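Since the model is a prediction, treat every value here as computed from it, not as a measurement. Read the numbers this way: they start at 1 and go in the same order the structure lists the ligands and their atoms.
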Amino acid sequence: MIKKITTTALAALAFIALTGCGEEKAPEAVTYKYSTVEVYEKSCIKCHGKFGEGNPAKKTPALNDRTAGEMAQDLYDVKNGGTSGQSGGTDHEIMEHNMQKLVDKGYDYDINAMAEFLSYLVKNK
Ligand code: HEC
């Protein structure tokens, strides 16, 4: 019994030592180079249109026909290659490729903020 307690105490000590006085490190805050609006205006707009209406000539879909929640899901898919879906893989290969390039250029964005922004475009179109 005593041995067990000692072991536990030692493990706890080791844990505290390893993690630095048991203080939790704050998760690294993600910072984006551009605001959501800037990202949309500098990148998305040229393919998806001023109000997210899409552009048949460029074969780009509208982004203004769904709720912010649905949009967030689609943005997540586009950014993560459909890992949120059941089957893995989406029909967004082109956009996934585009998104990768855009992220490399610094046009990364917060998914929920972008979804909110797009639904704002819808309400104000
Ligand atoms: C170079 C043109 C281009 C740019 C720039 C671009 N897109 Fe796209 N996007 C496309 C095309 C083409 C598709 C349709 C094919 C596909 O989904 O792979 C698409 C599809 C999407 C979809 C999936 C739509 C659906 O119906 O589910 C989302 C979400 C999306 N884009 C968001 C964005 C956002 C956000 C940006 C800016 C950060 C952006 N796109 C910039 C061309 C573009």
Salt bridge (Lys or Arg N to Asp or Glu O under 4.0 Å) pairs, two or more places apart, involving residues 58-72: R66-D74

Contact residues of ligand 1, where a non-hydrogen atom lies under 4.0 Å away: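 Correct list: V39, S43, C44, C47, H48, K59, T60, P61, L63, R66, M71, D74, L75, V78, D91, H92, E93, I94, M95, N98, L102, Y109.
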
With a 4.5 Å heavy-atom cut-off, do [X] and [Y] have their side chains touching?
X    : Y    : result
L121 : Y40  : yes
M95  : H48  : yes
M99  : Y109 : yes

For M114 against C44, the heavy-atom pair lying closest together: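 Of all heavy-atom pairs spanning M114 and C44, the closest is CE-SG, 4.2 Å.
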
Nearest non-hydrogen partners of L75 and I111, listed with the distance: CD1-O, 3.6 Å

